[in-house]
Trainee: 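Sharing a structure, written as structure tokens. Questions coming.
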Amino acid sequence: GNITGIAQLTLTDGETVYPDRLRVLLVRSQAEVPNCPDLEHMDKFKRIEAIRNLHMTFFLNVRKKMADPEYVVQSTLTTPNGTFFFFDIPYGNYFILITFPAMIQDYKVAWQVPITVKGSETTPIELNNENLAVPTYSRY
């Protein structure tokens, strides 16, 4: 089967932005996502530090998984409009993964979204604010 996807981020002002040349991995299993603390009651700098730590911990968890040469099925880059494609994927369950140092404009992003490939079908997937693995942030 095939996978066609798009990665996008909606900013606080409502503008939707897309990554260009963001590394997207198709992987066989899930990496551990760190638990997110209550960010709502933190001041700006503590919140940024907490989110930075979440991104780094997630990245380190992914790095451990990447020690297995069978972990990554395929790798690709997004186009300027945020789209990406994987072709000739065997039937099965996978994860679309994007992690550090991934950024869209000035925002750090990380996704780990499950996807099932069935036969010769093309399976669509959208990566957006709603399915981020860890919260995004910008220092600006």
Side-chain angles (χ1 to χ4, degrees):
N2 301 311
I3 298 170
T4 180
I6 186 165
Q8 60 190 20
L9 195 61
T10 302
L11 306 180
T12 54
D13 65 3
E15 178 187 9
T16 300
V17 292
Y18 304 91
D20 182 13
R21 302 189 54 77
L22 188 68
R23 173 72 51 202
V24 183
L25 303 175
L26 180 66
V27 299
R28 295 186 190 282
S29 62
Q30 187 173 16
E32 183 180 346
V33 177
N35 291 328
C36 185
D38 180 9
L39 301 171
E40 190 94 5
H41 298 84
M42 291 183 184
D43 70 43
K44 178 182 178 180
F45 298 106
K46 284 186 180 183
R47 177 176 158 64
I48 288 173
E49 185 64 22
I51 295 172
R52 263 191 55 230
N53 288 336
L54 290 170
H55 277 269
M56 188 53 65
T57 301
F58 181 57
F59 168 73
L60 292 173
N61 292 343
V62 168
R63 294 295 299 172
K64 288 177 192 171
K65 302 282 275 182
M66 291 184 80
D68 176 359
E70 299 293 315
Y71 180 63
V72 176
V73 177
Q74 284 188 25
S75 175
T76 191
L77 297 173
T78 60
T79 65
N81 64 357
T83 58
F84 58 91
F85 308 92
F86 293 105
F87 300 104
D88 301 321
I89 307 300
Y91 173 86
N93 297 313
Y94 302 93
F95 290 86
I96 301 293
L97 177 68
I98 296 175
T99 188
F100 180 82
M103 295 190 72
I104 299 177
Q105 288 193 356
D106 293 326
Y107 291 83
K108 279 191 186 242
V109 292
W111 281 281
Q112 180 174 242
V113 180
I115 190 163
T116 299
V117 175
K118 299 177 183 173
S120 61
E121 294 178 17
T122 296
T123 306
I125 191 162
E126 181 178 315
L127 306 179
N128 57 44
N129 296 56
E130 302 303 315
N131 57 12
L132 287 160
V134 294
T136 186
Y137 81 93
S138 172
R139 293 183 209 204
Y140 307 105

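Any value given below was found using the heavy atoms of this structure, including those in side chains, with hydrogens, waters and symmetry copies removed.
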Trainee: Side chain to side chain contact (heavy atoms under 4.5 Å, CB included) with V134: which of I51, N53, L54?
Mentor: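 Single pass found, and it is L54.
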Trainee: Using a 3.5 Å distance criterion without hydrogens, assess whether the side chain of N131 forms a donor-acceptor pair with backbone atoms of N128.
Mentor: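 It does hold such a pair.
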Trainee: According to salt bridge (Lys or Arg N to Asp or Glu O under 4.0 Å), who are the partners of E49, at least two apart in sequence or on a separate chain?
Mentor: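 Salt bridge (Lys or Arg N to Asp or Glu O under 4.0 Å) list for E49, sorted by chain: R52.
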Trainee: Does the plane of the ring in F84 sit parallel, tilted or perpendicular to the ring in F86? Use 30° and 60° as the thresholds.
Mentor: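 It falls in the perpendicular class, over 60°.
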Trainee: Determine the minimum heavy-atom distance between L132 and L9, stating which atoms define it.
Mentor: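 Of all heavy-atom pairs spanning L132 and L9, the closest is CD1-CD1, 4.3 Å.
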Trainee: Work out which heavy atom in A133 is nearest to a heavy atom in Q112; give both atom names and the distance.
Mentor: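 Here A133 and Q112 meet closest at CB-N, 3.8 Å.
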Trainee: Would you mind listing every salt bridge (charged side-chain N to carboxylate O under 4.0 Å, His left out) that reaches into residues 13-34, with sequence neighbours excluded?
Mentor: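 Passing the test, one end in residues 13-34: no pairs.
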Trainee: For the residue pair Q8 and T16, what are the closest heavy atoms and their distance?
Mentor: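 Nearest heavy atoms, Q8 then T16: CB-CG2, 3.9 Å.
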Trainee: Is there side-chain contact between I3 and T122, with heavy atoms separated by less than 4.5 Å?
Mentor: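 Of all side-chain heavy-atom pairs linking T122 with I3, none is under 4.5 Å.
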Trainee: By the definition side chain to side chain contact (heavy atoms under 4.5 Å, CB included), identify the one residue from V62, D68, V72 that meets it with V27.
Mentor: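 Looking at V62, D68, V72, the match for V27 under the side chain to side chain contact (heavy atoms under 4.5 Å, CB included) is V72.
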Trainee: Tell me whether T78 contacts the main-chain N or O of P19 through its side chain, where contact means a donor paired with an acceptor under 3.5 Å.
Mentor: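 It does hold such a pair.
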Trainee: Spell out, as yes or no, whether a donor-acceptor pair under 3.5 Å connects the side chain of H55 to the backbone of P135.
Mentor: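 Checked: pair present.
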Trainee: Which atom pairs, one a donor and one an acceptor, fall under 3.5 Å between side chains of residues 90-104 and the rest of the protein, sequence neighbours left out?
Mentor:
from	atom 1	to	atom 2	distance (Å)
N93	OD1	T116	OG1	2.7
Y94	OH	P90	O	2.7

Trainee: Any side-chain to backbone donor/acceptor pair from W111 onto A7? Under 3.5 Å, distance only.
Mentor: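 Not at all, since once roles are kept as given, no pair shorter than 3.5 Å links the two residues.
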Trainee: Counting only N and O atoms by type, is there a donor-acceptor contact under 3.5 Å from the side chain of N61 to the main-chain atoms of A31?
Mentor: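 Judged by distance alone, no pair lies under 3.5 Å.
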Trainee: Looking only at non-hydrogen atoms, find the nearest pair between I89 and Q74 and report the distance.
Mentor: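 Minimum heavy-atom separation between I89 and Q74: CD1-NE2, 3.1 Å.
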Trainee: So does D88 get a backbone contact from the side chain of N2, meaning a donor-acceptor N/O pair under 3.5 Å?
Mentor: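 Yes, because the side chain of N2 sits within donor-acceptor range (under 3.5 Å) of the backbone of D88.
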Trainee: Within the distance-only criterion (no hydrogens, no angle test), does the side chain of T136 pair as donor or acceptor with the backbone N or O of K108 below 3.5 angstrom?
Mentor: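 Yes: the side chain of T136 pairs with the backbone of K108.
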Trainee: Counting neighbours of CG on N35 that are heavy atoms of other residues, nucleotides or ligands and sit closer than 6.0 Å, is the number greater than 12?
Mentor: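 Check fails, neighbour count at 12 or below.
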